[in-house]
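Take this structure, written in structure tokens, and hold onto it; I'll ask about it next.
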Amino acid sequence: MEIINKLNEELKDVSTLEVIEYFLKEYKDKIALASSLGAEDQVLTDMILKTDKDAKIFTLDTGRLNPETYNVMDATNLKYSVKLDVYFPKLENVENLYKTQGVNGHFESIDNRKNCCKIRKIEPLKRALKGLDVWFTGLRSSQSVTREEMKLVEWDEAFGLIKVNPLINWSEDDVWTYIKENSVPYNKLHDQGYPSIGCAPCTRAVKDGEDIRAGRWWWENPEHKECGLHKK
């Protein structure tokens, strides 16, 4: 799309903070950060709320999160004097999921796993994004093979709006340097070898030398490791 190419060209040499300031100013109440409460999204939360304390930030509670994820949600609310918007999957969808494929049926096939992600993440995300023109994400190109070609600004065909990835060129060291220098709350699972954190059953710590996304859906091949939130 022409607007996407134009934005990427105009913003290619500006700082991350300037990217955030630009979109918050231009899109006002039509933009939000979708936060997983992981390290990258915590960096963006800090930058966004320091720019606009009333900016919209939401997270998805899939019903199967780790206790540490709820702790960082609470710590974030307290530090910034906010209440993050929380979206849940629809009750009837989860009940039907358990009836059809069981509590842990997502381990049995990729289709089952993607169906679980659809119910717990995709449908709530669609509701969260309704009425918006832009969403911020904490994606970085070095996170996995499925993200290497992503740009700063993209058109999200799946959800019908602009997607902005302010940290797309950041390294993992950049993320942790910012967190430490700005005393940003973070998920303590990161200290236990979890670089990427999702639902508890589908996330494990990674071993030395493994890809940083190796702990997500570890029983699948790397090229399948997206839930549909960031499908190209």
Side-chain angles (χ1 to χ4, degrees), residues 29-46 48-49 54-139 156 158-161 163-164 185-190 194 196-204 213 215-217 225-231:
D29 60 345
K30 295 291 185 179
I31 186 169
L33 168 65
S35 174
S36 68
L37 301 165
E40 289 83 3
D41 290 329
Q42 289 300 101
V43 168
L44 289 178
T45 293
D46 187 82
I48 288 169
L49 292 179
D54 297 318
K56 179 180 175 64
I57 299 176
F58 69 84
T59 191
L60 307 177
D61 187 342
T62 64
R64 303 203 71 172
L65 303 179
N66 292 282
E68 292 86 351
T69 302
Y70 293 107
N71 290 342
V72 75
M73 187 191 306
D74 187 50
T76 302
N77 285 339
L78 291 172
K79 178 177 175 64
Y80 301 103
S81 298
V82 296
K83 287 289 188 297
L84 300 182
D85 292 333
V86 182
Y87 288 81
F88 295 86
K90 290 183 176 179
L91 173 62
E92 60 270 25
N93 290 347
V94 177
E95 290 178 345
N96 187 58
L97 179 73
Y98 282 5
K99 287 178 182 177
T100 56
Q101 64 185 54
V103 176
N104 288 326
H106 52 275
F107 290 120
E108 297 173 5
S109 71
I110 291 176
D111 285 342
N112 276 10
R113 194 271 293 169
K114 290 186 175 181
N115 186 46
C116 187
C117 289
K118 179 181 178 182
I119 287 170
R120 294 185 183 277
K121 300 171 78 173
I122 306 305
E123 190 280 326
L125 179 63
K126 286 181 178 179
R127 281 187 278 120
L129 295 177
K130 188 174 182 179
L132 299 181
D133 293 331
V134 184
W135 66 311
F136 286 125
T137 85
L139 298 179
D156 194 319
F159 300 110
L161 74 173
K163 180 164 70 174
V164 182
Y186 68 90
N187 194 317
K188 300 309 178 185
L189 287 175
H190 290 308
Y194 289 72
S196 179
I197 303 166
C199 293
C202 300
T203 308
R204 64 164 173 80
R213 296 265 298 174
R216 301 292 297 278
W217 310 297
K225 291 188 176 186
E226 292 289 354
C227 59
L229 268 64
H230 303 295
K231 184 167 59 176

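As a basis for the values below, the full set of heavy atoms in this structure was taken, side chains included, without hydrogen atoms, waters or symmetry mates.
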(Q) Could you measure the distance from the CG atom of Leu33 to the CG atom of Leu44? Nearest 0.5 Å is fine. (A)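 With rounding to 0.5 Å, CG (Leu33) is 5.5 Å from CG (Leu44).
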
Q. Quick one: are Leu97 and Arg120 in side-chain contact, heavy atoms under 4.5 Å?
A.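 Yes - at least one pair of side-chain heavy atoms lies under 4.5 Å apart.
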
Q: Report yes if the side chains of Gln101 and Asn115 come closer than 4.5 Å at any heavy-atom pair, otherwise no.
A: yes

Q: For the pair Gln42 (side chain) and Tyr186 (backbone), establish whether a donor and an acceptor sit closer than 3.5 Å, ignoring hydrogens and angles.
A: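 Side chain of Gln42 to backbone of Tyr186: no pair is present.
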
Q.
Could you tell me if the side chain of Ile110 sits less than 4.5 Å from the side chain of Lys114, heavy atoms only?
A. yes

Q. What's the spacing between Leu49 CG and Ser81 OG if we round to 0.5 Å?
A.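 Taking CG in Leu49 and OG in Ser81, the distance rounds to 10.0 Å.
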
Q | Under the ring pair (Phe, Tyr, Trp, His ring centres under 6.0 Å) test, residues paired with Phe88 that sit two or more places apart | A |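 If we apply the ring pair (Phe, Tyr, Trp, His ring centres under 6.0 Å) test to Phe88, skipping adjacent residues, there are no hits.
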
Q: Could you grab the distance from atom OH of Tyr98 to atom SG of Cys116, nearest 0.5 Å is fine?
A: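 Answer for the OH-SG pair, Tyr98 versus Cys116, is 7.5 Å.
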
Q) Testing Asp74, Asp46, Thr76 for side-chain contact (heavy atoms from CB on, under 4.5 Å) with Pro185, which one passes? A) Thr76

Q: Would you confirm whether Asp133, through its side chain, and Lys30, through its main-chain N or O, come within 3.5 Å as a donor-acceptor pair?
A: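 Flag not set: sc Asp133 to bb Lys30 has no pair under 3.5 Å.
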
Q: Supply the atom-to-atom distance Tyr194 OH to Arg204 CZ, rounded to the nearest 0.5 angstrom.
A: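 Between Tyr194 OH and Arg204 CZ, I get 9.5 Å after rounding to 0.5 Å.
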
Q | Contact list for residues 79-90, test salt bridge (charged side-chain N to carboxylate O under 4.0 Å, His left out), sequence neighbours left out | A | Lys56-Asp85, Lys90-Glu123

Could you pull out every donor-acceptor pair under 3.5 Å between side chains of residues 58-73 and any protein atom, sequence neighbours left out?
| from | atom 1 | to | atom 2 | distance (Å) |
| --- | --- | --- | --- | --- |
| Thr59 | OG1 | Ser35 | O | 2.7 |
| Asp61 | OD1 | Gly63 | N | 2.9 |
| Asp61 | OD1 | Tyr70 | OH | 2.8 |
| Asp61 | OD2 | Tyr70 | OH | 3.2 |
| Thr62 | OG1 | Arg64 | N | 3.2 |
| Arg64 | NH1 | Val103 | O | 2.9 |
| Arg64 | NH1 | Asn104 | OD1 | 3.2 |
| Arg64 | NH2 | Asn104 | OD1 | 3.2 |
| Thr69 | OG1 | Asn187 | ND2 | 3.1 |

Q | CG-CD1 distance between Asn77 and Ile57, expressed to the nearest 0.5 angstrom | A | 9.5 Å

(Q) Nearest 0.5 Å, please: how far is CZ in Arg127 from OH in Tyr87? (A) 8.0 Å

Q. Taking C-beta and beyond as the side chain, do Leu161 and Leu129 meet within less than 4.5 Å on heavy atoms?
A. yes

Q. How about Lys163 and Leu139: do any of their side-chain heavy atoms sit closer than 4.5 Å?
A. yes

Q. Do Val164 and Trp135 come close enough that some side-chain heavy atom pair is under 4.5 Å?
A. no

Q: Tell me, please, which residues at least two apart from Cys202 pass side chain to side chain contact (heavy atoms under 4.5 Å, CB included).
A: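 Cys202: side chain to side chain contact (heavy atoms under 4.5 Å, CB included) contacts with His106, Trp217, Trp219.
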
Q | Thr203 side-chain N/O to Ala200 backbone N/O, donor-acceptor pair under 3.5 Å | A | no

Q) Do the non-hydrogen side-chain atoms of Leu132 and Phe159 ever get within less than 4.5 Å of each other? A) no

Q: Please list all pairs passing the salt bridge (charged side-chain N to carboxylate O under 4.0 Å, His left out) test where one or both residues lie in residues 98-112, with sequence neighbours left out.
A: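 Found none.
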
**Q.** Closest approach of Gly138 to Asp41 (non-hydrogen atoms, all atoms of both residues)
**A.** N-OD1, 3.2 Å

Q: Heavy atoms only: give me the nearest Ser196-Arg213 pair and the separation to one decimal.
A: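 The answer is OG-NH1, 3.4 Å.
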
Q.
Checking Thr45 now: which residues fulfil side chain to side chain donor-acceptor pair (under 3.5 Å) with it, not counting sequence neighbours?
A. none

